[in-house]
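In what follows, every chain begins at residue 1, and chains take the letters A, B, ... in the order their sequences are listed.
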There are 2 protein chains.
Amino acid sequence: MSIRDLARHLDISIGTVSRALNGKTDVNQETRERVLEAAKRLGYVPNQSGRSLRQGTTNTIGFMIESTIETVDTGGGFFMPVFEGVQSVFRRHHLDLVALLCGTDEEPAEYLNRVVARRFVDGLIISATTRHDPRIDFLLERKIPFIALGRSETAGDYPWIDLDFEGVAATAVNRLVGLGHSRIAIAVPASDINLGYVFLDGYKRALANKGIAFNPDYVFRSYANEEGGYQIASAVLAQKPTPTAIVLVNENMALGLYRRFYESDIRPGRDIAVIGFRESTQSRFLSPTLTCFRISLRDLGIKLAESLLSTMPAFEDHYPHEKVELIWPMELVAGESDQGKL
Amino acid sequence: MSIRDLARHLDISIGTVSRALNGKTDVNQETRERVLEAAKRLGYVPNQSGRSLRQGTTNTIGFMIESTIETVDTGGGFFMPVFEGVQSVFRRHHLDLVALLCGTDEEPAEYLNRVVARRFVDGLIISATTRHDPRIDFLLERKIPFIALGRSETAGDYPWIDLDFEGVAATAVNRLVGLGHSRIAIAVPASDINLGYVFLDGYKRALANKGIAFNPDYVFRSYANEEGGYQIASAVLAQKPTPTAIVLVNENMALGLYRRFYESDIRPGRDIAVIGFRESTQSRFLSPTLTCFRISLRDLGIKLAESLLSTMPAFEDHYPHEKVELIWPMELVAGESDQGKL
DNA sequence: TATGAAATCGTAAACGTTTACGGAAGCCAT
DNA sequence: ATGGCTTCCGTAAACGTTTACGATTTCATA
């Protein structure tokens, strides 16, 4: 069922059929309707390879996700809601969204190289940005439209949207200070992912604002998951003087942290204050419930998609070019985990 | 940088270049090496649209994942490890794997229709199979190679691999009976996903084997996530006589269940036995640790990929055609959550 | 009526591959 | 010298689109 078959069936030329289907102006209204009707009736759908070859465009956007130990455990569904938001925008423009999952046995930059070389996608969303991310230079040099979910250290001349790690760290510290804490620990990822550095910066700055000296011994590094939380809890308990509060960079850490504390009869919220990171399906069901921060993930996805389109020349009539360097706000969700008295 | 440029640069015909790159036999060894070397040096990669158009094949496999409320919260990373396994096989055959994420605002069958119509992929892996899954009939009729992760009720003439829900339910029941329980509840998803029915069947059969009467009041239905676990815990406590044990179809339910029990001062493992489903990053860090079942997800992915290839004519020399109707084994991981005395 | 503009459509080239086909050259046996 | 293999390579068609270009018709206007 090619366009040729359809044209033969309607007894008009394939050029006209193509123009009718693509909404070109120079085609009679009546014939357009005939074409559309026949296409639907016969179940004709344009062959993507054909159009791609001709137009040099694939109508596909890739969302690259790494399955590193750090990001694999996005419990509570981080990416799915974002994806839905992205997809809702793309669908209006007949763009298909695919997730490109880079395994642990391949370098992200290598993987990306393959994707780009094969001209698989028209644009890209990358995530889990590292401090100095080679993918960004690569995409800039190849002039592939892209947007990063998460900024690198040199958040230079490329579009990115990032969560408000700095703001979250500051809000958490301020809140804890307000509750009377001064020995405030922080948990960051051990990896090179940039958000850890941003988070740490926000923490330091907030401490400084409150006139509290920064103590490097209160910075704990491990995996951004349950296991990491457990290990950090052990380290926290071993540290003297023991912190009275801890701020987590990742909500999955909370469960492991809780577990380890329980084993030493330390009850979060009563004996030590804990502020998690992102509100997830789990945070409400922990005991005590986790004080954390809410993100409108779907809206984030929508903004991500719109921003990407604004960097693509083919869409500049709908989405005029704009510089996107956006910090996405997060809203405090008070729980019980930071509410104990000192 | 097209094949024409490469041919011109080497001063040979494009046909020879193509044959050299594709490992055809009728090309001189020396010229082949020259071609390969030049291709690498000049960074030539065949345009996918061109080959797809010519060969009618895309070298891409799609892994369809639905982001329904049921599957979105695959905490502990279910899909990522499976994905890696699949990818490790495909990479050897120069196949690209993409994840096709169907949002909640679109029917899975509709979404699949679009994917297939645009000839996006050469083969498909579908998951979250419902009881009567229209996608299966559709793919069979269109003769698209596919494999289902999860069987439908009429697990008929199509390839599938499924987790051993029946075995897990039976093992759990037997274990609980061995510990002295007879009032054993079961938590299943409220949706039409088929695994719930299979799980329930295994439960019923195991009860019958042990001579325990099936009590419909002990079947609890809700979402397969933390929220659902919480609701089910409430329902369990309200049920008289109260069950002394409960078997979960989903590990994410455990946290909500625990939370609700704690609110009523019921301690899992002491006052009520709980057996979760899949071992995840969380199960070890719950308090008490969750008794559950381990899956080798990477191997599952590998088998999934190999099985799919065995249904594709283009690969029948490497993977001879075979009937795939496979129940994937799961191994008990004893925790503390079922160890209380009655 | 002649003229030009507007509306509509057909023709054919082009996108980058793969591959069937045939031709040229080399070699060996007759 | 002829014929028949084998080895290697070039030619050109084909995949299914889109689109620049030109042709035809219609229609209003001078």
For this session: Step through the shown structure and confirm whether more than 12 heavy atoms of other residues, nucleotides or ligands are within 6.0 Å of CG on A/D26.
Result: yes

Would you say the side-chain atoms of [X] and [Y] include a donor-acceptor pair closer than 3.5 Å?
X	Y	result
A/S307	A/S310	no
A/Q48	B/R118	yes
B/H93	B/Y319	yes

For this session: Check every strand shown and say whether B/S18 touches a base, only sugar-phosphate, or nothing at a heavy-atom separation below 4.0 Å.
Result: base

For this session: Give one of base, sugar-phosphate or nothing for B/T31, where a contact means two heavy atoms less than 4.0 Å apart.
Result: sugar-phosphate

Exercise. Which angle, rounded to 10°, do you find between the first-five-pair axis and the last-five-pair axis of the helix from C/dT1-D/dA30 to C/dT30-D/dA1?
Worked result: 60°

For this session: Take B/R298 and B/V82, measure what side chain to side chain contact (heavy atoms under 4.5 Å, CB included) needs, and give me the verdict at the end.
Result: CA-CA 5 Å; B/R298 194 168 205 282; B/V82 176; over 6 Å; no

Problem set entry | Parallel, tilted or perpendicular: ring planes of B/F79 versus B/F63, cut at 30 and 60 degrees | perpendicular

Exercise. Should A/T130 and A/S152 be marked as a side chain to side chain contact (heavy atoms under 4.5 Å, CB included) after you check the CA-CA gap, both sets of side-chain angles, and the distance that decides it?
Worked result: CA-CA 6 Å; A/T130 61; A/S152 65; over 6 Å; no

Exercise. Which residues satisfy the side chain to side chain contact (heavy atoms under 4.5 Å, CB included) test with A/A148, sequence neighbours excluded?
Worked result: A/I126, A/T129, A/Y158, A/W160

For this session: Quickly work out the A/D26 CG to D/dG22 P distance and round it to whole Å.
Result: 15 Å

Exercise. Rounded to whole angstrom units, what separation is found between the CZ atom of A/R19 and the P atom of D/dA20?
Worked result: 11 Å

For this session: Would you grab the first and last nucleotide of DNA chain C (5' to 3') that comes under 4.0 Å of any non-hydrogen atom in chain B?
Result: C/dG16 to C/dA20

Pair [X] + [Y], salt bridge at N-O below 4.0 Å:
X	Y	result
A/R91	A/D96	no
B/R41	B/E37	yes
B/R151	B/E325	no

Problem set entry | DNA chain C contacts made by residues 46-59 of chain A, counting heavy atoms under 4.0 Å | A/L53, A/R54

Exercise. Got a sec? Which of residues 6-13 of chain A come in under 4.0 Å of DNA chain C, heavy atoms?
Worked result: A/I12, A/S13

Exercise. Which residue pairs pass the salt bridge (charged side-chain N to carboxylate O under 4.0 Å, His left out) test when at least one of the two sits in residues 45-59 of chain B, sequence neighbours left out?
Worked result: none

Exercise. Mapping A/V45 and B/N28 onto DNA chain D by nearest heavy atom, which one lands closer to the 5' end?
Worked result: B/N28

Exercise. Is the side chain of A/D5 donor-acceptor paired with the backbone N or O of A/S2 at a distance under 3.5 Å, no angle test?
Worked result: yes

